[in-house]
Amino acid sequence: MKNLFRALLILVFACASLVPVCAQQANGADRHQWWQDAVFYEVYPRSFADSNNDGVGDLNGIASKLDYLKDLGVDAIWITPCFPSPQVDFGYDVSDYENIDPMYGTLADFDNLVAQAKKRNIRVILDFVVNHTSDQHKWFLDSKSSKTAARRDWYIWRDGKGPGEPPNNWVSDFGGSAWQFDPTTNQYYYHYFARQQPDLNWRNPAVKKAMFDVTRWWYQRGVAGFRLDAVDTLFEDPNLHDNPVVDHEKNEFGDPVEINKYNDKLPEVHDVLRQLRSVADQSDAVLIGETWTSNVAELKQYYGLHNNELQMPMDLMFTKLKFSAPVFREHIRNINAAGGWPVYVISNHDIVRSYDRYGDGQHNDQIAKVMAALYLTLRGTPIMYYGEEIGMKTTPPARKEDVKDPIGRTGWPKEKGRDGERTPMQWNESANAGFTQATPWLPVPPTYKTHNVADESRDPNSILDFYKQLLKLRHTNPALLDGSYTAVNEQDPNVLAYLRTYKDQSVLVALNMSNAPQKVNFDLSPNGFSSATPLVATQASASGHIVSLEPFGVFVGQLTK
Ligand code: GLC
């Protein structure tokens, strides 16, 4: 009897210890949250597809392009703010978090978009503007109405230092003081961005509750997660210390250059992220962060000490790297060493497109393919930006009168604004690139004649075709899906090369980041491989250990024994 009991006990313990192993095997690997396998795609709704021909894109327009996105290999779309808004900052000034701006459609259109996307296994992510609302939001209208208003403390109100003097020296990211005087109550309110974007007071529990409820509301509508806008600046020093100023330096708006010691990345942000995450976890939702960090240690903090904050803090440092094999190699090493799941981005609606950032004027299309091969074959989740897959370029307005972006209007000519990277999607060669039949809200760049979806779909050498090949491979090749990352030929100044390895399968990626041909010897016999068979390649070939790469050539190959 005693022995039987002992045997039973051993069995129970053995099973218990087996559970994690079984769970891992069922998942195929030691990871596989849905967002780790997914490829994300940022849609700027104003500029994607205009279904009602008013010159501005809309939700039905996006729905009409879902087949295109599916065919491309996209698993989740992040739509930048489509909520009611005075559009001072093109939607990043939200006046109602629980509705759709009529210019983009209705809630019914949104539900339809989610349903249509679901049919194609595409998830929908919304953009949650957490730092601030519009000054037309009912919360702010109440807050500014009197010092005793119910929502007075939902925003940051302070007395000035003296007549005409703001409470401290903080400058707005959009130019000028970060404080706006309001004569109704003779106090200033704080705005990190435009004065029409007052900062919410996240120290107030009622604000937290209202904002958490917004996320619940959208999760119930089928939203699979949020990109959290401007999380870095959620909190400010309650004592309003002046920020240190860099002597004698002025920024593009003519303001003093400040170190944002007291209004950026305050530790309190992590409490909020943990709480937002626990709400998200109830719906298997993902939180993506707009995390402008200056080093890997800062980025690491956003995952949370116990991986309980953002699942996907964006590596925006990646967008600032020089086009150089050693520079990327070192950055990737540091990111992998940090231990979080990497989230690589090469373009978005706020920065010059990677096509222009890296293009040398002569090999731009080929360089666009190098960048695609790089971030679509790395370990981590990529977030694409609409139009990147066809080689869209940044085309800033030529004249100040044409600028739409508020920062371009105040910062011209030093800061031309972000219109250039928000131009309409180039669908085909017809008028307005097939985006609209009306006058588009931003002009279509002349490059739509050479870079558009219709033409590139027919061209096996196009950037679009290359993206499709890579994305297909990424979704089907176990080493690219699940594999570890190992840098190879680490001393090579021109060719960035690495292995992705899963079980006994390895893929070699070799990217020539120089404008000269390179012949590289990959002696991988110590790893048990004798040669590499191309899976996706352009301007490259392999023979035994040797991979030959033309200027900016790309080789992605399966290693064979
Ligand atoms: C984020 C958005 C940017 C916007 C700003 C203010 O940085 O990406 O477009 O202007 O927040 O909301």
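Both counts, for ligands and for their atoms, begin at 1 and track the order of listing.
In this structure, Lys404 does not pair ionically with Asp419, as no charged nitrogen and carboxylate oxygen lie closer than 4.0 Å. Arg227 has a carboxylate O that lies under 4.0 Å from a charged side-chain N of Glu290, or vice versa, which qualifies the two as a salt bridge. Using a cut-off of 4.0 Å between Lys/Arg side-chain N and Asp/Glu carboxylate O, Glu309 and Arg277 are scored as not salt-bridged.
Remark: minimum distance from atom 8 (O) of ligand 1 to any protein heavy atom is reached at Asp350 OD2, 2.5 Å.
With ligand atoms numbered from 1 in the order given, ligand 1 contributes 10 (O) to contacts under 4.0 Å with heavy atoms of Phe174. Listed by number with element, the atoms of ligand 1 under 4.0 Å from a non-hydrogen atom of His349 are 2 (C), 3 (C), 8 (O), 9 (O). Within ligand 1, the atoms closer than 4.0 Å to a non-hydrogen atom of Arg422 are 9 (O), numbered from 1 in the order shown.
Of all the heavy atoms of Glu42, none lies under 4.0 Å from any atom of ligand 1, so neither backbone nor side chain is involved.
Residue pairs meeting the side chain to side chain donor-acceptor pair (under 3.5 Å) criterion with at least one member in residues 93-103, sequence neighbours excluded, are Ser85-Asp93.
The closest non-hydrogen atom to atom 2 (C) of ligand 1, taken over Asp229, Asp89, Asp127, Val88, comes from Asp229. Proximity annotation for atom 7 (O) of ligand 1: of Arg418, Glu290, Arg227, His132, Glu290 comes nearest, heavy atoms only.
Scored by the side chain to side chain donor-acceptor pair (under 3.5 Å) test, Asn60 finds no partners at all (sequence neighbours excluded).
Residues Val453 and Met425 form a side-chain contact, since some pair of their non-hydrogen atoms from C-beta on lies under 4.5 Å apart.
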